[in-house]
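Beneath this line is the structure, given in structure tokens, with notes to follow.
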Amino acid sequence: MRVVIQNLWGIRGDWEHRREVIAAGLRELAPDLVAFVEAIKTDEYDQAADLLGPEYHLFHAATRHGNGDGAVLAARWELGERHELDLHVTPRTADFACTTLVAEVLAPQPYAPLLFANHVPSWQLQFERERELQAVAAARALEELAGGFDTHVVLAGDLTADPDAASVRFLTGRQSLEETSVCYRDAWESMHPGDPGETYTRTNALLPDWDWPSKRLDYVFVRCGLHGGPTLEVTACERIFDEPVGGVWASDHFGVVADLELPEPRAFD
């Protein structure tokens with residue numbers, strides 16, 4: 001099962017040529033699950049549908065900005081129950097479309113039952129407190145919806161937080177928050193330990209803020225099972241759209257693609 005997270009940067013910049021790069025890249029990657037951030041959905045244009053084509057089932061966030069910018073998740077398989085979490089956890093979050101989309105994916109065995117989430121917390125650097133509360137809200141909802149460790153949970157998103165931030169440390173089981181703890185495996189860290197793997201970096205000519213610290217902000221996570229390891233093994237994880245194509249950068253963010261498989265049974269003494 002292949003998972004992609006990509007911040008699309010809406011239709012800013014040279015969208016006509018960026019669209020060609022992204023659409024071609026997605027066709028080559030052929031993901032099964034996709035989380036888009038800053039995707040446009042209006043009465044006139046559905047950016048996710050345009051890029052992915054009719055073979056994907058889409059769940060668009062109702063929480064959007066005035067230009068139609070918002071989150072969407074997509075799957076090759078049909079979607080069952082859908083949930084959108086309200087992440088407006090403090091007054092400071094009022095002007096941003098922060099949300100977590102969660103969908104039951106009616107995937108074939110051995111991947112069912114499966115929950116897929118697209119987590120989009122607050123973006124401001126000084127809002128880590130909000131991101132902490134938002135991560136806890138998403139984690140609690142996913143635990144309730146999963147109903148036990150037999151359900152695979154894949155969580156993807158542009159978290160606007162690096163791996164050392166409290167909100168990410170919470171998700172990866174390194175600290176508790178709000179009297180809650182969970183553990184998700186970071187796909188990039190599993191395959192590239194010690195590699196920073198920045199997805200928002202000044203090497204990208206589209207980065208709007210010249211002084212933004214180069215960080216890894218975009219993630220694919222897999223929830224860990226009762227005995228510690230992820231319920232789906234990460235077998236590959238790479239950055240995508242991290243080089244210009246014909247002089248065209250796809251987005252201001254690099255994306256991430258991860259391949260997941262059911263782990264082989266292991267014998268223990």
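Position 1 is the first residue of the sequence; numbering continues from there.
Stacking of R92 on the aromatic ring of F127 is recorded, both the 6.0 Å distance cut-off and the 45° axial limit being met.
None of V3, D32, V102, L155 except one satisfies the side chain to side chain contact (heavy atoms under 4.5 Å, CB included) rule with F116; the exception is V3. Just one residue in the list D186, D195, D164, D158 forms a salt bridge (Lys or Arg N to Asp or Glu O under 4.0 Å) with R216, and that residue is D186.
Residues passing the salt bridge (charged side-chain N to carboxylate O under 4.0 Å, His left out) test with R12 are E38, D69, sequence neighbours excluded. Among residues two or more places apart in sequence or in another chain, the side-chain hydrogen bond (donor to acceptor under 3.5 Å, both in side chains) test is passed with R169 by Q175. Residues passing the side chain to side chain contact (heavy atoms under 4.5 Å, CB included) test with T203, sequence neighbours excluded: T201, F254.
No side-chain N or O of T231 forms a donor-acceptor pair with one of R223 less than 3.5 Å apart. Between the side chains of S214 and E198, no donor N or O sits under 3.5 Å from an acceptor N or O. Using modelled atom types, one finds no donor on one side chain facing an acceptor on the other under 3.5 Å when comparing Q134 with S167.
Between H119 and Y219, the distance separating the two ring centers is not shorter than 6.0 angstrom.
Note that the OG1 atom of T63 and the CG atom of D86 stand 6.5 Å from one another [nearest 0.5 Å].
Between H253 and Y200, the two ring planes are tilted [angle within 30° to 60°].
Shown here is D50, whose CG atom has more than 12 heavy atoms of other residues, nucleotides or ligands within 6.0 Å.
Side-chain contact check for N204 versus D242: every heavy-atom pair is 4.5 Å or farther apart.
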